[in-house]
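What follows is one structure encoded as C-alpha cells, with my remarks underneath.
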Amino acid sequence: MSGTFVEFFSEEALENVMVILKYKPERVVYVGHKSNMITKKINSLRAFTARVSPETELKFVEVSRDNLDQIIDVLRDLVDKYKDAKFELTGGGELILIAFGFVSSKMPVDTLRIDPYTGTEIDFSEGEPVRKAGHVKMTVADNMVLHGGSLTGLTGSYSTWKFTDEFRKDIRSIWNIAKSMKSKWNKCTATIEEVVKNYPPDESGLYTFPRSGLGEVTELFFKLKNIGVLRELHISKRSISFYFKNEMIKHIVTKTGNILELHVYDVATSDNTKFTDAVIGAMIDWNGDRNDKNEKNEKKPPLTEIKYDNSTNIDTVNEIDVILMRDAIPTFISCKSGKVGSVALHELQTVTRRFGGKYAIKVLIMATPCDNPGSGAGFFRKRAKDMHIWVIDDVYSMSDEALRQKLIKIQGVTF
C-alpha cells in the first residue's frame, strides 16, 4: 500500500479513483468546491473504495470557488502535513489548478497523472515527464457503485444465464438458425412465446399445444430438435409436444431479442484477453439501495423503464443488454433484433451518461441492416453520430470474428 495522494475532485467519477485502483494507497485527500463535492458523490466514492481498497482512508477538503489565496493556503498546508504526498492532476477546477501551479513553483511537490482511458501514467517528479504504460481494472458492478447505482440480483449473468461450454455451443447453434431465418426468427419466437404462455407444461415439463396457427414455427421446431435443444419432439396433424433442453433454451426461443444479446456476449467474451469483465441483461438500480438477494424471483421491469422524479424516493431500474469492461472503461451495448427508432438512441444515451460518464462507449447493435429503403437510415445514422453512439448493423450477415474486431476497434486503443 502506497502513502498519501491528493486528488482535485472531479465531476467525472472515474477521474477520482485512478490512484485508488492502481496503488491502493493508505490515504487519498480530495480537494474541491462544495458545489461539486456533494454528499451523494462522496457517499458513492466511499462505497466504491470500500469494495476495491477497503484499507484506504478518504478525506475531503472544501476550498473557496473564488478566493485564490485561500486555496493556495490549503494546498500549502497539505504539502506541509503530508510530506510524502503525490498530487494527481486529472480533475479540479480552473482556480484550483492555478493555485496548485503557484504552490508547486514555490515548494517541491511530486505530481502525476493517470489517463483513465488508457491507464498510462505520466510522472512529473523527475523534472521531465516519464510515461509508464499500465492497466487498472474494475468490474461492471464496481462501475455501477462508483456512479451511485448497483446491479440487482435480476441481472442476467446472475439469475438467468450460466455460461458453460455446453451452453455456449447451444448459443452458437441457435444463432446459426436465427441467421438463416433473419426476420422470420422474430415472428416465430413471438408465436412460440404466446403459445407457451397459453399452454403451460405438465408436471414433467412436457409442452403440448395445437398446430393450428403455427405456420413456419413447425419448421423451426425441427431445426431446434436437430441441434439437440428440443427433446422428444412429436408432431401430429393436430398437436405438437416437446421438452425444452433446459430453462435457458426456453428463455432464448420465447423472447425475440435474447439470441442476439447472447451472441454478442458470447463473441465478446470467448477470448477473455480482450475485455476484463462482462455482464448480460444488466438490471441497474439508479439508487444502489435494492436488496439483490431478495430480487431473484421478482419479475423484471419493462426494458429501459426510466422514471423521472424529483423526489428522494426514486426507484428507477434500467436494463442494458450487454456491458463490457475494458480495464476501467465501460462499453454499454443495446441490442435490437427488429426495427429501431431514435428513442433507442436516447435510452442508451441516458443510461450511459448516468453510469459511465464521458469515458463510456455507447454501441447500438442491430441484427438487420440499418439502410433498408425508406427507413430514414441517413437521419438515424447522423443522429447516432451526433450522440457519439456507434452503430453496428446487419449482424446476421457478419461473421463472429468480424463482430469481435468491430467491438475491439471501437475501443480506440491497442489491446
Side-chain angles (χ1 to χ4, degrees), residues 11-15 116-118 140 143-144 146-147 149 151 156 256-258 260-265 267-269 274-275 277-284 286 302-306 308 316-372 374-398 402-413 415:
E11 292 280 356
E12 287 293 331
L14 184 57
E15 294 178 350
Y117 197 70
T118 64
V140 175
N143 177 73
M144 294 303 158
L146 177 61
H147 290 87
L151 289 180
T256 57
N258 275 348
L260 177 60
E261 296 172 24
L262 288 163
H263 172 64
V264 171
Y265 180 92
V267 167
T269 60
K274 304 301 182 186
F275 295 98
D277 192 30
V279 164
I280 185 171
M283 300 298 295
I284 307 170
W286 281 47
L303 178 63
T304 318
E305 177 187 311
I306 303 177
Y308 295 96
T316 303
V317 174
N318 288 94
E319 181 176 7
I320 288 292
D321 296 327
V322 179
I323 303 177
L324 307 174
M325 294 297 299
R326 190 242 324 144
D327 297 334
I329 303 299
T331 296
F332 289 72
I333 301 175
S334 177
C335 299
K336 300 294 182 183
S337 60
K339 293 182 180 180
V340 182
S342 60
V343 172
L345 299 176
H346 290 283
E347 290 174 347
L348 181 58
Q349 173 87 335
T350 298
V351 181
T352 305
R353 182 171 57 234
R354 173 66 174 79
F355 292 103
K358 71 179 184 181
Y359 293 99
I361 297 168
K362 298 162 286 189
V363 186
L364 180 66
I365 294 183
M366 302 169 58
T368 57
C370 180
D371 303 321
N372 288 329
S375 64
F379 170 80
F380 181 83
R381 285 189 181 276
K382 184 179 186 306
R383 184 69 181 132
K385 184 177 181 180
D386 291 342
M387 298 170 74
H388 305 288
I389 295 175
W390 292 84
V391 176
I392 302 175
D393 67 329
D394 199 16
V395 178
Y396 275 149
S397 302
M398 195 178 294
L403 175 58
R404 183 179 295 108
Q405 290 305 317
K406 282 184 177 290
L407 290 172
I408 292 171
K409 182 180 178 181
I410 63 178
Q411 301 300 313
V413 297
F415 281 96

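What you are looking at is a predicted structure, and each value in this text was computed from that prediction instead of being measured. In what follows, every heavy atom counts, from backbone to side chain, and hydrogens, waters and symmetry copies are set aside.
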Checklist entry - Does a side-chain heavy-atom distance below 4.5 Å link Y265 with I333? => result no

Checklist entry - What distance do C335 atom SG and I365 atom CD1 have between them, rounded to the nearest 0.5 Å? => result 5.0 Å

Checklist entry - For L14 and I329, what are the C-alpha separation, side-chain angles and deciding distance, and is it a side-chain contact (heavy atoms from CB on, under 4.5 Å)? => result CA-CA 9 Å; L14 184 57; I329 303 299; 3.8 Å; yes

Item to check | Euclidean distance, K274 NZ relative to L407 CG, rounded to 0.5 Å | outcome: 12.0 Å

Checklist entry - If you round to the nearest 0.5 Å, how far is CD of E347 from CG of L364? => result 10.5 Å

Item to check | Spacing of CG belonging to L151 relative to CD1 belonging to I320, to within rounding of 0.5 Å | outcome: 11.0 Å

Checklist entry - Atom CG in D327, atom OH in Y117: separation rounded to 0.5 Å? => result 10.5 Å

Item to check | salt bridge (Lys or Arg N to Asp or Glu O under 4.0 Å) contacts in which one or both residues fall within residues 383-395, not counting sequence neighbours | outcome: R381-D393, K382-D386

Next on the checklist: So, using ring pair (Phe, Tyr, Trp, His ring centres under 6.0 Å) as the criterion, who are the partners of F332 when residues are at least two apart?
Outcome noted: none

Checklist entry - Side chain of R354, backbone of H147: donor and acceptor closer than 3.5 Å? => result yes

Checklist entry - Do V264 and D321 pass the side-chain contact (heavy atoms from CB on, under 4.5 Å) test, and can you show the C-alpha distance, the side-chain angles, and the key distance before you say yes or no? => result CA-CA 9 Å; V264 171; D321 296 327; over 6 Å; no

Checklist entry - Salt-bridged, E11 to K358, with N to O below 4.0 Å? => result no

Checklist entry - K362 pairs by side chain to side chain contact (heavy atoms under 4.5 Å, CB included) with which of V351, I389, T331? => result I389

Item to check | Residue list, side-chain contact (heavy atoms from CB on, under 4.5 Å) with K406, at least two apart or on another chain | outcome: I392, M398

